[in-house]
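Shown below is the structure under consideration.
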Amino acid sequence: METKIMIRYGELSVKGKNKKKFIHLLAENIRQVLADLSDIKVSEYFDFMFVKVDKKDEEEVLKRLQHVFGIQSYSPAYELERDFEQLKQVAKEVVAERMAKDPIQTFKVATSRSDHHYEMDTNDINRELGAYLLEEFPNLKVQVKNPDLTVRVKVRFDDFVLSLDWIKGIGGLPVGSSSRGILMLSGGIDSPVAGYLAMKRGVRPVAIHFASPPYTSPQALDKAKALAGKLTKFGSWITFVEVPFTEIQEEIKEKVPSEYLMTITRRMMLRVADRLREKFHAHCIINGESLGQVASQTPESMFAINAVTSTPVLRPVVTMDKLEIIALAEQIDTFELSIEPYEDCCTVFAPPSPSTRPKIERCLAYEERMDVEGLVERAVENICYEKIDHVLPQKEEKTYQDLL
Ligand code: ATP
Ligand code: MG
């Protein structure tokens with residue numbers, strides 16, 4: 001048996017002539033996150049979308065849709081012929097099925113019409129269907145404000161759509177609708193959260209990770225890759241790029257005084273990130289910097305580091321406290337992975353006392369000692385990258401009622 005899920009877009013509705021493109025992107029992302037399930041069919045309409053699923057997969061699909069950006073709300077729905085008797089029958093069946101899962105006591109019928117010429121108006125339908133359900137389920141009561149269950153009927157030109165619970169979606173914009181962005185993904189707590197927040201506003205991340213073997217381990221790289229995998233549930237696939245950073249770090253270590261190590265390292269990272277932005281046709285860079293968190297994240301440091309590019313650098317967690325970032329990391333299920341103890345390239349080379357107020361002139365003077373262009377060039381030339389497809393979320397113990 002098949003069932004349908006109706007998806008509503010919210011903010012997308014106001015996107016003017018881009019709307020069609022956005023809807024299409026959302027549909028693609030939904031197909032991706034459901035790709036391993038059989039018989040999925042996504043149909044796009046102007047103000048909603050139907051996802052046809054096998055009845056046995058319904059709960060799983062409802063759970064996965066929780067994470068897809070661009071969905072404002074969604075609900076199991078039934079598309080019926082315009083036959084009021086049939087509507088009553090189906091409403092009875094789905095209410096009975098719902099009551100078997102959940103001890104509801106109150107309900108109401110809420111009708112809307114796109115076809116205003118239909119013989120019954122919204123009040124007629126609310127009243128007649130309500131009365132019928134009351135008769136069939138004598139334990140239920142009608143309650144207009146905050147009922148346990150709302151039976152929604154939409155009268156369209158050639159059919160009725162019946163839906164019950166509206167599940168709140170995650171909101172945001174479909175991933176991919178705001179171009180691509182280079183996500184500087186360390187293995188820490190902050191950058192996956194930054195990536196998630198940028199995705200929320202439609203950016204498709206290309207995750208880049210600077211690795212400095214043999215100073216950093218393969219496990220550190222795998223951890224970053226696994227973090228990128230965690231982000232795929234929010235809207236499909238992610239490109240993961242490993243950037244060889246050893247040569248740059250060794251060169252900096254040799255040529256730059258210790259208090260400027262961190263600043264110059266960051267400037268080099270940003271230069272490489274910017275070059276990769278061009279290569280991957282992205283329009284911004286995203287990192288996990290948070291004001292005042294460490295020496296490289298003071299406004300003075302950011303100023304000196306950011307001076308190497310005019311590309312927008314998005315810092316979605318810049319004003320968040322660490323505890324707020326951790327709360328989000330837990331919510332998106334990256335925290336546990338982030339706190340696994342594998343050394344990052346920055347910690348290996350971390351100077352004992354980095355400058356919190358670096359000066360651009362001094363940066364430039366130290367960089368004179370290195371072949372900046374050649375170093376960046378070689379790092380970019382030697383990247384390895386792969387597409388990480390949607391990784392199935394681990395079984396979550398949520399029930400249908402938890403979603404409501
Ligand atoms: P995080 O928890 O994200 O590692 P952090 O507080 O440890 O952040 P830093 O190590 O100073 O901060 O790094 C600041 C930002 O620089 C990170 O959020 C990330 O965006 C980027 N970054 C740091 N190290 C790497 C790396 N090895 N590869 C890619 N990006 C990195
Ligand atoms: Mg870090």
Side-chain angles (χ1 to χ4, degrees), residues 181-198 203 205-213 215-228 230-231 238-246 248-249 252 261-277 284-298 301-302 304-306 308-309 313-326 328-330 332 334-351 354-356 358 379-380 383-385:
I182 296 294
L183 169 63
M184 300 174 68
L185 187 65
S186 62
I189 296 168
D190 309 325
S191 45
V193 173
Y196 161 82
L197 291 170
V203 180
V206 173
I208 67 167
H209 178 76
F210 295 92
S212 304
Y215 307 104
T216 60
S217 63
Q219 287 92 326
L221 177 69
D222 288 345
K223 175 178 159 185
K225 213 181 280 183
L227 284 167
K230 288 268 184 195
L231 295 178
I238 282 184
T239 304
F240 181 83
V241 184
E242 174 192 353
V243 188
F245 205 53
T246 314
I248 295 181
Q249 292 218 286
I252 294 174
L261 262 179
M262 186 54 85
T263 314
I264 305 289
T265 304
R266 298 281 167 195
R267 282 167 60 95
M268 290 303 283
M269 276 186 174
L270 198 53
R271 286 187 175 104
V272 174
D274 205 23
R275 200 65 66 77
L276 291 171
R277 176 197 58 72
C284 61
I285 295 170
I286 305 140
N287 69 27
E289 289 174 339
S290 161
L291 260 183
Q293 203 185 83
V294 290
S296 63
Q297 298 173 19
T298 60
S301 279
M302 285 185 190
I305 295 163
N306 215 150
V308 302
T309 178
V313 178
L314 309 186
R315 299 176 173 87
V317 302
V318 74
T319 58
M320 289 169 73
D321 293 343
K322 193 75 188 184
L323 289 178
E324 291 175 289
I325 302 175
I326 288 176
L328 259 181
E330 279 173 335
I332 64 171
T334 53
F335 184 69
E336 289 293 312
L337 201 56
S338 288
I339 56 175
E340 280 181 13
Y342 297 116
E343 71 295 346
D344 192 51
C345 62
C346 303
T347 26
V348 178
F349 288 89
S355 169
T356 53
V380 170
I383 58 168
C384 296
Y385 64 96

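As the structure is a prediction and not an experimental result, all values here were calculated from the model. Every number for a ligand or one of its atoms is a count from 1 in the order of the listing.
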Review point. Does the Ser290 side chain pair with the main chain of Met320, one donor and one acceptor, at a distance under 3.5 Å?
Key: yes
Exercise for review: Heavy-atom contacts with Gln293 under 4.0 Å: which atoms of ligand 1 show up? List them by number with element.
Suggested key: 5 (P), 6 (O)
Review point. Closest heavy-atom contact between Ile286 and Pro316?
Key: CG2-CD, 3.8 Å
Practice item. Find the distance between CD1 (Ile208) and OG1 (Thr239) and round it off to the nearest 0.5 Å. Key: 12.0 Å
Study note, to complete from the structure: Counting from 1 in the order shown, the ligand 1 atoms closer than 4.0 Å to a non-hydrogen atom of Gly288 are 17 (C), 18 (O), 20 (O)
Review point. Is there a side-chain contact between Ile305 and Met269, using heavy atoms and a 4.5 Å cut-off?
Key: no
Review point. Any N/O of Gly187 closer than 3.5 Å to an N/O of ligand 1?
Key: no
Review point. Is Ser186 close to ligand 1, meaning an N/O of one under 3.5 Å from an N/O of the other?
Key: yes
Practice item. For atom 8 (O) of ligand 1, state which one of Asp190, Ile286, Leu221 supplies the nearest heavy atom. Key: Asp190
**Study point:** Proximity to ligand 1 by part of Leu185, non-hydrogen separation under 4.0 Å
**Key:** backbone
**Study point:** ligand 1 versus Ile208: contacting region, heavy-atom distance under 4.0 Å
**Key:** backbone
Review point. Has ligand 1 got any nitrogen or oxygen that is less than 3.5 angstrom from a nitrogen or oxygen of Asn287?
Key: no
Quick one: side chains of residues 187-198, donor-acceptor pairs under 3.5 Å with protein atoms, not counting sequence neighbours, listed by atom name and distance.
unit_1	atom_1	unit_2	atom_2	d
Asp190	OD1	Lys322	NZ	2.8
Asp190	OD2	Gln293	NE2	3.4
Asp190	OD2	Lys322	NZ	3.0
Ser191	OG	Ser186	N	3.1
Ser191	OG	Ser186	OG	3.1

Exercise for review: Start with the C-alpha gap between Val272 and Ile248, add the side-chain angles, then the distance that decides, and say whether side-chain contact (heavy atoms from CB on, under 4.5 Å) holds.
Suggested key: CA-CA 11 Å; Val272 174; Ile248 295 181; 4.2 Å; yes
Exercise for review: Could you name the option among Glu289, Arg266, Met269 that has the heavy atom nearest to atom 21 (C) of ligand 1?
Suggested key: Arg266
Exercise for review: Output yes when the distance from some N or O of ligand 1 to some N or O of Pro192 is under 3.5 Å, and no in every other case.
Suggested key: no
Study note, to complete from the structure: The atoms of ligand 1 lying under 4.0 Å from a heavy atom of Gln297, numbered in the order shown, are 6 (O), 9 (P), 11 (O), 12 (O), 13 (O), 14 (C)
Check your understanding: What atoms of ligand 1 come closer than 4.0 angstrom to any heavy atom of Gly188?
Key -> 1 (P), 2 (O), 4 (O)
Exercise for review: Inspect the contact between Asp274 and Arg277 and indicate whether a charged nitrogen and a carboxylate oxygen are less than 4.0 angstrom apart.
Suggested key: yes
Point to revise | Arg315: partners by side chain to side chain donor-acceptor pair (under 3.5 Å), with sequence neighbours left out | key: Glu289, Asn306
